[in-house]
Each structure stands twice: as structure tokens, then as C-alpha cells.
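Structure first, commentary second.
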Amino acid sequence: MLSNLKEISTALDWTQKTYDFFKPYKPEIKKMRINYKDQTSEIRLLLSIPDTIKRKVSKIEVPAYSNFHIHEMMDEIFTSLPVSDLWRYENEKWILNPKLLPPSEKFFLILRGRFPKNIISKIVRVQEARNRDQSDEEDKYWLDCMIRDVELLEKVWTALEVEDVDVGVKVGIDRCFSSAIPHDYRKKIEAVQKFLASGYERDREKLGRAWRNLRYAQSLKGVSVDDLMNLFTKLTSGELFSTYVYADDPYDLGPIKRDEKFKGPFPEKMMVEALTDLNLKQNTATGFLTFKKKKYTDTIKEAVEG
Amino acid sequence: MKDCYEVELEFKENGKKEMAQINMITNHNAENEKIEAHIAPWALPNEDIPLHFKWEKNLQWDEIIIEVPTGFKIVDFLNVKKKSINKNTIKISEVKDIEAAQKMYFGIIVSYPKIPSSLSHGGKIKTTFLKNGKNISEIELLAKVFRPNLEVIKVPQKLTLADKKSPTHLPLQLRYIGFGDVQLKIEARIKGKIVSQGESLIYEILTRLHESGVLKVKEIQTEEDTRNKDGMWLDPEYVKKIAEDISQRIEMGKILTEEIDKDMIKELRSWLADLKTREKFVEMLYGRIKEILLSILMDLLMSTPIDNVKLMDPRTRMRAKIKVPITDTYLKIYYRDLMLNEYSPVEISLKIEDIREKPTEVIIDLPIIIEKWDNKPYLNVRNMSI
């Protein structure tokens, strides 16, 4: 446990150092979070920078410990302030000119640093079902997240919360396309393939045969490669696909994308992220991610059949 | 008397409620109301199965005994401070706790580290909370492990080569039952030697290109505006990879179709060796996007014949020299699940008989085609009782 504690503390070192650095400004820690998905750690500080200080101090300089950056800054009525105008980065330090600050006694500052995934894994355990549970209508995947050690969490920081614990589930859709494309459609595809091939042929007989085959196939409905590709693109857009998946509490759906590992034109899997937060109050999170498979397949069928 | 707990899990859609048994059977006991227990509702062999217990802080206990059923492996603990393990019995005397936490909890990970012979295998994990040596609560959680199984329904006992009629392919009919998506690979052997080959997508594309007459080196022309309109459909890296794969195949002489003759292959080889002309080749491929896309689509359709099966090589062919009147052939159908568990392959033996009048040495080239699938997957395993 001690080595884990050391690793985690080291990764969060910068938060303690910056906190100490802001001591003249009576810092209060409002929140401390680790974002599993982005692999970042974040602290929210409430600082006191009254007019008296603004007049006296020409600059507030904070060493950029562990390369943290300033994510956001707000005044006491939560108005967002332009971070890039107020803070500048010089010689590995963040520098603020207090005179540029608007009239406000207090300021919120959100600072973010990196937090490697292998260390986050010492704090939380994340798992999703390797294989779906099917029914005629839907596919389900179970999700299970737990905090490994509450005492470790506490030792690190009292107000710690691990945010956006991201369970990434790869929902396979190749079967949906495969089952949605009817058998006679495949014959059409073959006919088009032969036709395209014969298009370059000089053998008129072969060409004639291919043309007749194609015409027969088209008497049902034609295959336009353009249409097909447009269809696939539309059906694998994150936005459309998200209407076919849902997650149980305490999970929410995160962004949905095609599985980037596959570079081909027809993505075989969609990457669905289910997000939840783990903290000392919610130290476990279980639920299902559901894919409305039949509805999706029916949508493809309708689109293909026109 | 054991009562079954049924917990309502509220799903988001249309506020529909679904009753789901969470595989928890408990003794009717007031203390149980303070304890929540959860276990992952299904797993494949070798897959980690997480479970946890959570209870109100005012529950008085001094020991928790967990009995993990034989055959199951204890993989890990979460949030446990003091424990002792004796074979498959765990005794927990202290759980990590802090003031800020609302409830006490701990987790255990188990798994079933072998392939069960039956399609479903359950293990009851019995957990007892004790105070002063007395049972104050007993909870049973059911770990459910499932597996897939492939069977042969129909296969020819004999393939006959005759003067008037010869087989065009080797037909099989298979059945899928159980749970778990599988990847399948077919292998054929004669006298211990592998005589099957899976032709890849690249081969397919190459064949199509050849049929298009495009692989005629001297006439290679790149068309104007050969790239598709917004480059959306084919990642340029992907096209490059296709070109490279094709080049590699040609270089290694791995073109086994009789249609593309040896001289052309020689020509193509030397031509592709030159980077400049290779670039032209990539350009040419862009011009044949339609062929390529359709090939890829067909490949996808052929690879996924039914919901639960993916064929690693949808174009597996058997190629062998037949020298004697009767040849013993052995097929093995290998399959594995998403945990990469490998199951005992399906074994098929058949004979190839040559009854032609003047039999000479012949090379057979037969695609192995699964003509029919009987698909009987287990559905809703989370609600299945074992």
C-alpha cells in the first residue's frame, strides 16, 4: 500500500505545492478530482485577492509544477474570465498581473495536471463485460467500477473524487450490417462487381452478359456504391448511433465514435463510453449498457431496401 | 427457508421497469436488509467476475466468511484490511473504512479458470457475517459462467471426382449453441499436411482488379480526378496499405489463381519494385474505389454469416494433389471466444474418391463452404437459472 500511496502522492504533488504557493491568498480547496478518461488531475481553489492586494502586488507567480496548466478562472459571481489574457507562461512559471483582474474579492481557479492511467488504476478498478448478453431485441453489457482502497484515497486528499470514470465498451455492429443486408442484395453486389469488371473488358459477349445480370438485379433495386457509402457513414455517426444505446444510472453516455483501430471504410465496432463518478460516497458503480440491436438492424434494412 | 430477492432496476427508456433477479438468495433476516450484495451477472471462462458487499455502518460484525466454490479461483480483493485464506475459504476480520464514507464495503474478484464441459456452469459463493461466533447474515451469490459450442450437422462422407461431374466445393452444415461470440478457422489436412488456405481480402481485391483488366502494366493509366470526392470513404493510409499488401503478395509469388499468369506476375513484380510506379499503382487503386469498396463489403458479409460467428477466412479453400483412388482427409474447425479461450476443435473426416476412367494426378481446389448454420444462442443469460 505504501508504494501505491507514494506513487499517487507523487503524481498529485503539484496540487500540494501550488496550494502552498497560493497561501498568501488564503486558498480554500473546493474540489479535487481525477479524471479517468482524460488522465488528468484537477484542483479547484478559491482564492482571496482583494483590492488591497491588487494595488500592492504587481505580479503573482506560480511555478508550473509538473506542467500543470490553468484550465479556468472565474470571479465570485462565477463569470468566466479570459485565462489566456490574464495569465502568461514564462520561464516555466505562470504569471498573473492582479491589476488586470476585475473587481471581485474572491476568485475560483481550476488547475489541471496529468495523471497517468496506470496510477489511476491503483485507485479504481474498472471492468466491462467481455461478451454481450443477447436477446432478440437488445444486447447488454454489464459495467462494474469500484474504489480499490478508501483509506488510500483519503490519505491522498480528503475531498478527492475520481471523475468521469470511463468504461469503454466496444459495441460490435458488423453483424448488424451483415444481418441487415438481405441475401438478394448480395447477389446484386456481385452483379455490380462483375459489371464493373466487364466495363473494362473488350469481350462484348462477357460485357453483354454482365449487363443483363445487372439489369436483372436492378429490377429489384439498384446498388449504388455512392448511396451505400453515404448510408454507412450516416449509420455510424456518433450522433445517430447514440440514439440506439443507453446506460443505466449511475452511468451516463459519453462520446460515441467509430472504433479508430480499424481503418477500413466499414467500421465493425462503435466505441461507446459510459461515464460515472466514484468518490467516498459512491465507492461502487454497477449497471448495464444496452444496445438496441434490433432497432438498429431494422433501420439499416429500411435504408438499404429504400 | 430461503427467500429470493428481486430488485427493480429502473432503466431510462420510457421509464420502463424491468424486474431483474440479481442472483442473490438470502436468509430472511433483519440484518440482511442492511447488506447489499452484487455480482457480475455472467462471464466467460477465465473472465474476471467482480462482486462486492456494502452495508450500513451501524451493522455489528466481527468476521465475514466467504466460501468460494471449488473450481473457481480467487483473483483479487478490494478494500480489505485483514484477511486469511485457506484453500477456497476467505475470512475477513477487517475492512478499510474512513469517516467520510457512508457505508462499509469490500470487493472480491473470482474467475473460473478452465473450460467447462457444459454450456453453463454455476458456482454458489456463500458469504456469512458473524458476530461473537454467531451467524447474523448469510448471503449466497451465484457466479454464472457460460461457453459456446460448435457442432457438425451435415458433412459429406465422400467427395467423388468423376468424368462427368466433380464437386465445386466442400459443403458443411454447422450448429452454434451456447453463449459467447466466436471466431472460427477451418483447417484441412491430408496425411498430416495442411492443405487448406484462407484467401484474404487482398487476394479478393487483386482478383477483382485483374478481372477489371487493370493489372496490365503497360496500360496502367491514372484517371483524372480519381480520388473520391471528399476522401471520406477510404482512408489514404488504408489504400496505401492495400497497395503494399498487394505488392507484397506479388513479390512473394503468392498469387495462386490460374488466371493471373506467371509472366504477368514477373512484370508486375519488377514494376512495383520501382517506387515511382508504385505511387502510380496507389493512384490507380483510388480510381478503382468502387471495386475495392464492394470487395470489402462482400468480405464483411461473408465473414459474419450469423450473429455469433465470425469467420477468420471466409474464403478457405482446400488445395491438394490427388494421386490415389481414395484419399483420407481431415478437417478441423478451430474456434475461440472473446476471452481468446480456445475450445476443442470440431473434427471431421471424409474421403476423396477418384472414379474417373483415366485417373491422372489432379489438383483439387475446393472452397470449403458452410452452407447452412443452425444458430441457437443462449439469450438473456443474466436471467437464466443454472
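Just so it is clear: chains get the letters A, B, ... in the order the sequence lines come, proteins before strands, and each one is counted from 1.
In this structure, A:Trp142 CH2 and B:Ile39 CD1 are separated by 9.5 Å, a value rounded to the nearest 0.5 Å. Expressed to the nearest 0.5 Å, how far NE2 of B:His38 lies from CG of A:Asp144 amounts to 6.5 Å. If you take CZ on B:Phe77 and CZ on A:Arg148, they are separated by 13.0 Å, rounding to the nearest 0.5 Å.
The two residues A:Ser135 and B:Asn380 make their nearest non-hydrogen contact at CB-OD1, 3.4 Å. Residues B:Lys96 and A:Glu151 come closest through the heavy atom pair CA-OE2, 3.7 Å. A:Gln134 and B:Pro377 get closest at one heavy-atom pair: OE1-CB, 3.7 Å.
A salt bridge does not link B:Asp76 to A:Arg125: none of the charged side-chain nitrogens sits closer than 4.0 Å to a carboxylate oxygen. Between B:Asp181 and A:Arg132 there is a salt bridge, since a side-chain N of the basic residue sits under 4.0 Å from a carboxylate O of the acidic one.
Residues A:Phe232 and B:Leu297 meet the side-chain proximity criterion, which asks for heavy atoms closer than 4.5 Å. In this structure, B:Asp307 and A:Lys293 have side chains that are in contact, with non-hydrogen atoms separated by less than 4.5 Å. Annotation: side chain of B:Leu379 is in contact with side chain of A:Asp136 (closest heavy-atom distance under 4.5 Å).
Other residues, nucleotides and ligands contribute at most 12 non-hydrogen atoms within 6.0 Å of the CE atom of B:Met312. The 12-atom threshold is exceeded at NZ of B:Lys54, counting heavy atoms of other residues, nucleotides or ligands nearer than 6.0 Å. Remark: B:Lys372 NZ is loosely packed, at most 12 non-hydrogen atoms of other residues, nucleotides or ligands lying under 6.0 Å away.
Looking only at distances, no side-chain donor or acceptor of B:Glu47 sits under 3.5 Å from a matching main-chain atom of A:Ala129. Remark: the backbone N or O of B:Ala43 is not paired with any side-chain donor or acceptor of A:Asn131 at under 3.5 angstrom. Checking side-chain atoms of A:Asp133 against main-chain N and O of B:Val381 turns up a donor-acceptor pair under 3.5 Å. At least one donor-acceptor pair under 3.5 Å links the side chain of A:Gln127 to the backbone N or O of B:Asp48.
For B:Arg315, the side chain to side chain contact (heavy atoms under 4.5 Å, CB included) test picks out B:Glu199, B:Leu201, B:Glu204, B:Asp299, B:Met302, with sequence neighbours left out.
Against chain A, the residues from residues 104-112 of chain B that qualify, each with a non-hydrogen atom under 4.5 angstrom away, are B:Tyr105, B:Gly107, B:Ile109 in number order.
Annotation: cation-pi pair B:Arg382/A:Phe288 present, NZ/CZ under 6.0 Å from the ring centroid and within 45° of its normal.
In this structure, the portions of B:Leu338 lying under 4.5 Å from any heavy atom of chain A include both its backbone and its side chain. Proximity to chain A is limited to the backbone of B:Lys103, based on heavy atoms less than 4.5 angstrom apart.
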Mind running side-chain contact (heavy atoms from CB on, under 4.5 Å) on A:Met146 and B:Asn79 for me, showing each step along the way?
-> CA-CA 9 Å; A:Met146 290 193 258; B:Asn79 213 46; over 6 Å; no
